[in-house]
Amino acid sequence: MVTLEDTLIPDPGQRVQRGGRTGLVRNPMSRRNRTGRSHAWWRDLGDPDLLRAEPVTADDLVHTLKDFARREVDLLVIDGGDGTVREVLSALPQAYGDAPPRLAVLASGTTNLIAADVGAGRADPATIAMLSQIAHAGPQASSLQRRATIEVSWPDGSQPTISGMFVGAAAFTRATHISHRLVRQGGVDEGAGVAVTLLSSMAQALAGPQRKRWLRGEPMGIARDGAEMVEGPRFLFIATTLNKLLLGLWPFWGEGEGALRYLDIAGSPRRLAAALPAGLRGRPRPWMEAEGYRSGVASVLDLHLTEPFVVDGEQFEPGPGGRVRLRAGQSFDFIVP
């Protein structure tokens, strides 16, 4: 995948001179778009410069984005959940190369973690009109948030490289099913899905009917920035390039170089109940690292997996070799009004 060096965002108040054309990519199968709103509203938006599309397949999406690039779209609005954002981020380099458009995310999916961090609001005519006005005028630096992607690749070539913003494995994969069920049943807000998944992982490990299995974890290896692979059972692994989660959770600490924040909890973690209050807010106790609670920052994480893992709410297989590489990928500017 093409990577993009971080560039300076203009000084506050300085206008960015761009074409100002807006493109809207809408996922008609995302949860809110499928169940909560008419399919007609977005076709009736009055801006003649607004381009819109509902690509169904990955090839359709690439074709749409190439057409948007040819027609000089420099603000791309993504109407969907985390999975839709992941698909767009993965396809953009094929259409725009190393000069991507600015992005805006509308929260319309089963999970909307990315929108909770860098989103522009719900999908409705007022939001689209506001974003189009920003595009025409040129966004100011105060409304831009830059985020790197997590480039997920399979060294054995079993799957194509994808770009996302949140990866989880071990207990996180199992707890994702619980979280999705609660969201579909209306028990929690969609944006809180990842936070609920983390809490579900901990609840199952502390008091669930399969407590011992959850605590035991899964065989996994992790290597940070080219260091030696450390093999052993893992209770929980997560990594992200976002700047916030929801419900006040931020289970990351430690130092390092790069854009990937990660949490790595060894299998059969001791004193889990005592570690939770501090660890889930990024304030570790002095004894936690020795008990298998590790967190830090990296540019590359090489994983050796035996079970499926999750990227932005969707489950993926590690492939025949079990090797998956996470690295800081292309950076994008998001408009956050």
Side-chain angles (χ1 to χ4, degrees), residues 1-2 4 6-28 30 33 37 39-81 84-109 114-115 118-147 149 163 330-337:
M1 174 175 287
V2 179
L4 177 66
D6 281 354
T7 57
L8 294 176
I9 295 176
D11 293 333
Q14 179 180 346
R15 295 292 182 179
V16 181
Q17 300 300 322
R18 307 187 96 181
R21 195 161 200 187
T22 303
L24 171 62
V25 171
R26 181 178 188 270
N27 180 3
S30 66
N33 288 341
R37 293 192 301 265
H39 286 210
W41 71 268
W42 71 286
R43 295 190 183 94
D44 298 331
L45 296 169
D47 186 349
D49 289 328
L50 176 67
L51 303 179
R52 64 209 79 187
E54 284 188 317
V56 176
T57 68
D59 288 342
D60 290 341
L61 177 59
V62 171
H63 177 79
T64 292
L65 295 178
K66 286 183 176 180
D67 183 58
F68 281 6
R70 181 180 60 82
R71 299 169 76 173
E72 299 184 340
V73 166
D74 54 33
L75 172 59
L76 178 62
V77 182
I78 306 169
D79 181 9
T84 305
V85 178
R86 182 194 63 243
E87 293 301 311
V88 171
L89 294 176
S90 301
L92 271 171
Q94 300 177 62
Y96 281 83
D98 60 357
R102 293 189 172 96
L103 306 177
V105 180
L106 308 179
S108 300
I114 297 171
V118 293
R122 292 181 180 269
D124 57 38
T127 302
I128 301 299
M130 173 191 64
L131 291 170
S132 293
Q133 289 174 0
I134 292 173
H136 284 299
Q140 295 183 337
S142 59
S143 66
L144 294 177
Q145 295 287 328
R146 171 157 290 196
R147 299 289 183 271
T149 60
S163 292
Q330 188 166 3
S331 294
F332 296 89
D333 287 331
F334 292 83
I335 294 181
V336 184

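With sequence neighbours excluded, the residues that form a side-chain contact (heavy atoms from CB on, under 4.5 Å) with Ala69 are Tyr96. Partners of Ala115 according to the side-chain contact (heavy atoms from CB on, under 4.5 Å) rule, which considers only residues two or more places apart in sequence or in another chain, are Val105, Ala107, Asn112. By the side-chain hydrogen bond (donor to acceptor under 3.5 Å, both in side chains) test, Asp60 pairs with Thr57, sequence neighbours left out. For Thr127, the side-chain hydrogen bond (donor to acceptor under 3.5 Å, both in side chains) partners are Asp124, not counting sequence neighbours.
By the 4.5 Å heavy-atom criterion applied to side chains, Thr22 and Ile128 are not counted as neighbours. Using a 4.5 Å heavy-atom cutoff, the side chains of Leu103 and Val85 are not in contact.
Between Gly97 and Gln330, the shortest heavy-atom contact is O-NE2, 3.3 Å. Heavy-atom minimum distance, Leu144 versus Ile335: CD2-CG1, 3.8 Å. The two residues Arg21 and Glu72 come nearest to each other via the heavy atoms CB-O, 3.7 Å. The two residues Pro101 and Leu75 come nearest to each other via the heavy atoms CB-N, 4.2 Å. Minimum heavy-atom separation, Val336 to Gly119: CG1-O, 3.7 Å. What you find for Ala120 and Met130 is that their closest heavy atoms are O-CE, 4.2 Å.
Atom-to-atom distance recorded for Asn27:CG and Ile78:CD1 is 11.0 Å, nearest 0.5 angstrom. Taking CZ from Arg102 and CZ from Phe334, the interatomic distance works out to 12.5 Å, rounded to the nearest 0.5 Å. Rounded to the nearest 0.5 angstrom, Thr64 OG1 and Arg26 CZ are separated by 14.0 Å. Taking CZ of Arg71 as the reference point, atom CG of Leu51 lies at 4.5 Å (rounded to 0.5 Å).
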Inset, instruction - Could you check Leu92 against Leu76 for side-chain contact (heavy atoms from CB on, under 4.5 Å), going step by step and ending with a plain yes or no? - result: CA-CA 10 Å; Leu92 271 171; Leu76 178 62; 4.0 Å; yes
Legend entry - Step-by-step side-chain contact (heavy atoms from CB on, under 4.5 Å) determination, Phe68 to Val25: CA-CA 10 Å; Phe68 281 6; Val25 171; 3.8 Å; yes
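With hydrogens and angles ignored, the 3.5 Å screen pairs no side-chain donor or acceptor of Arg147 with any backbone N or O of Gln145.
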